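No experiment lies behind these values; they were computed from the predicted model shown. Naming: A, B, ... by sequence-line order, numbering from 1 per chain.
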Amino acid sequence: MTIRIYNTLSNQKEPFEPLQPGRVYMYVCGITAYDLCHVGHARSAIVFDVIYRYLQYRGFDVVCVRNFTDVDDKIIKRAQEEGTNSQAVAERYIEAFYEDMDQLGVARPDYEPRATQFIPEMIELIEILIEKGFAYQVDGDVYFAVERFSGYGKLSKRKLDDMIAGARVAVEPGKKNPMDFALWKASKPGEPAWASPWGEGRPGWHIECSAMSTKYLGSTFDIHGGGKDLIFPHHENEIAQSEAAFGKIFARYWVHNGFVNIDQEKMSKSLGNFFTIREVYERYQPEVLRLFLLTSHYRSPVDFSPESMSEAERGLERFYQTIEQVIELTGDLSSSGQLPTSKDTEFSSLRDKIDSILSRFQNDMDDDFNTAAALGQLFDLSRALNRFQDSRSRKPTPEEKELLAQGGHRLRECANVLGLLQRSPEEFFQEHRRMSLATLGIGEEEVEGMIAERAQARKEKNWARADEIRDKLAEMSIMVEDKAEGTRWRVKTASN
RNA sequence: GGCGGCAUGGCCAAGUGGCUAAGGCAACGGUCUGCAAAACCGUUAUUCCCCGGUUCGAAUCCGGGUGCCGCCUCCA
């Protein structure tokens, strides 16, 4: 089986064949560091993190680059408002980005260049474009002449004439064509500036990605990713710059993630309908956000709401509970050896599920990284593991233990590709309780005290008292679970 | 106005020509339990927005309609 990837360039799924067998070169557009990241940024980061992990899981040597835009209008504006410089602003938000992403478990790409580190490369690229007649200078500005590049519009499927007709921007004086875009901008006083053949200035937005991707990945590479909103103009312009300059295909597979919506509308800064990642962390563990974002296919829009976050939270509880049970029963999850066999029907049925999980998971992921379907397989396995344990009232045999341990291990192995379920269940549940109690404003000691009191009542078979306490806890959204080893409790997730 | 996308059970969400339309959440019934909870079992779409068409066969392909969304300005 080969991996199939939906390519924005062709608008269809294509078999994935990297330029060099066994190696993948990918570039993902990162953030402009001028503010805190919101859930939309988290989605993009997670989607490409999963693609990165999955390609590695499938045995590819992957070189992944994700940039930081650290010079731009918004950063400059912010710096002026704060009375600092744009470097300080960028630095601060890059730092914040790392904090948010680390918690989400987003792996660091191999290279994370910043635009300002590649000014000479950008200037060089612009010079090539001028030399080849694809760019022209007007005062201190340099523009790309879109009419000169015949492929312009091939990614976003637009025609130049249509774009001009529908253009909502005031035409900049000096541009030969309204759709021409800036490669280099003359800087105004007080703005960050670099010396260039066209005078003091700074790069336009799009040129950095062309320069940096070429530097790390070559003039043709395999995968280029980013949010759907980057298709036009950003990625269209990158193609124009790079292909005009080098005369080669730029990126071969264009991958774009869908938006995060709120009430069916795109979450965005300008609409003001966004939640920062940090705000989400106040209420939910980062892993909840991750699971939530992976329950839909990466190209579909996904609606962010408390309800769906709670659903994801319940889903995580379910997974961790299965793992916890398996660990309790087997001591540890083992990965060694072959799967044990037995004539027992329940045993064989679970064995088959475990035996096929990797290929089922891989089939779904091969199909354009269908994490939603892949998660379905994992839930299915989770239930099979629970069912098997439920069906055994007696102590499990060594073979049964081995089977469960391997099942748990494979569940985790697959989940790891999605960046999920890597913590210990204890850690997850503890954190879950801590956060939920904080939201409710209840102290843990208080709950523990009531639980202890109830345990005493139960010991004395004073059921009335025990139930009274349980009802009180229930009013506080605390659900108790009496197990053989003692009573456990969890906070019921709101809005379930 | 131009271009693109989406519409699947109470909710979320896979499935893009043919096995019983995955999976999760919720609800109800059952097993377990002192009673519960959790877990497990069962029930919940003969049907995939509507109307036509292609086909032996369509949720899946084609045409038309309706509704929603996105891009065309910075945006993941």
Side-chain angles (χ1 to χ4, degrees), chain A residues 8 11 13 28-32 34-35 37-48 72-74 77 153 156-159 161-170 179 205 225-234 236 256-261 264-271 274 291-292 295-297 299-303 305 307-308 310-315 317-318 321-322 325 360 364 367 370-380 382-391 393 458 461-464 466-467 470-471 474 479-483 487-490 492-493 496:
Chain A
T8 307
N11 271 350
K13 287 185 201 170
V28 181
C29 283
I31 56 155
T32 298
Y34 77 106
D35 206 348
C37 288
H38 57 62
V39 177
H41 299 105
R43 184 177 198 192
S44 186
I46 285 174
V47 163
F48 291 102
D72 136 290
D73 290 350
K74 291 189 295 291
K77 185 169 167 244
S156 55
K157 315 286 184 299
R158 292 154 210 255
K159 295 188 192 75
D161 294 342
D162 296 340
M163 287 192 269
I164 294 162
R168 283 184 260 155
V169 231
M179 296 315 293
W205 174 33
K228 270 195 160 88
D229 44 5
L230 296 183
I231 294 172
F232 190 89
H234 186 51
E236 195 69 64
H256 293 100
N257 65 277
F259 300 132
V260 175
N261 291 166
Q264 331 250 38
E265 264 190 341
K266 181 185 172 186
M267 180 185 288
S268 73
K269 278 269 152 61
S270 42
L271 284 168
F274 60 91
L291 178 61
F292 162 69
T295 48
S296 303
H297 185 90
R299 281 187 282 117
S300 312
V302 60
D303 217 85
S305 68
E307 291 75 23
S308 38
S310 295
E311 261 188 44
E313 191 168 48
R314 288 286 295 135
E317 285 183 67
R318 190 179 176 76
Q321 191 157 331
T322 299
Q325 294 266 352
R360 282 184 288 135
D364 287 336
D367 184 13
N370 193 339
T371 56
L375 276 166
Q377 305 291 356
L378 299 190
F379 274 114
D380 196 53
S382 179
R383 195 182 34 177
L385 289 165
N386 290 339
R387 178 199 294 144
F388 185 71
Q389 292 181 80
D390 235 60
S391 71
S393 43
R458 291 186 72 226
K461 296 210 189 306
N462 183 353
W463 306 125
D467 292 352
R470 184 173 61 197
D471 289 346
M479 313 308 288
V480 299
E481 297 172 19
D482 297 328
K483 303 220 169 186
T487 297
R488 297 200 17 175
W489 57 275
R490 66 184 187 95
K492 191 183 177 193
T493 304
N496 270 316

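If you take CG of A:Asp380 and C1' of B:A21, they are 15 Å apart, rounded to a whole angstrom. Remark: C1' of B:C6 and NZ of A:Lys228 are 10 Å apart, rounded to the nearest angstrom. At whole-Å resolution of the value, CZ in A:Arg387 and C1' in B:C32 are 16 Å apart. Taking atom CZ on A:Arg158 and atom C1' on B:U73, their separation rounds to 12 Å, with Å as the unit. One atom, CD1 of A:Ile231, and another, P of B:C74, lie 15 Å apart when rounded to the nearest Å.
Remark: the A:Asp303 side chain and the B:C11 base include no donor-acceptor N/O pair separated by less than 3.5 Å. A:Arg458 contributes a side-chain N or O that forms a donor-acceptor pair with the base of B:G34 under 3.5 Å. You won't find any donor-acceptor pair under 3.5 Å spanning the side chain of A:Asp229 and the base of B:G70, going by distance alone.
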Shorter than 3.5 Å, N or O on both sides, protein versus nucleotides 14-18 of chain B: list them out with atom names.
residue, atom, partner, partner atom, Å
B:A14, OP1, A:His297, N, 2.6
B:A14, O3', A:Asn370, ND2, 2.7
B:G15, OP1, A:Asn370, ND2, 2.7

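Spacing between B:A22 and B:A13 at atom C1', rounded to whole Å, works out to 10 Å. The gap from the C1' atom of B:G67 to that of B:U54 amounts to 26 Å, rounded to the nearest Å.
If you find the closest nucleotide of RNA chain B to A:Gly315 and to A:Asn386, the one lying nearer the 5' end belongs to A:Gly315. Nearest-nucleotide positions on RNA chain B place A:Ser382 closer to the 5' end than the other of A:Ser382 and A:Gly227.
Taking a centre distance below 5.5 Å and an interplanar angle below 30 degrees as the stacking criterion, A:Phe379 does not stack against the six-membered base ring of B:G23.
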query: Pairing of RNA chain B as dot-bracket, 5' to 3': ( ) intra-strand, [ ] crossing, | other strand, . unpaired, with Watson-Crick or G-U pairs under 3.5 Å?
result: ((((((((.[[[..)..(....]]].(((((.......))))).....[[[[[..)....]]]]])))))))....

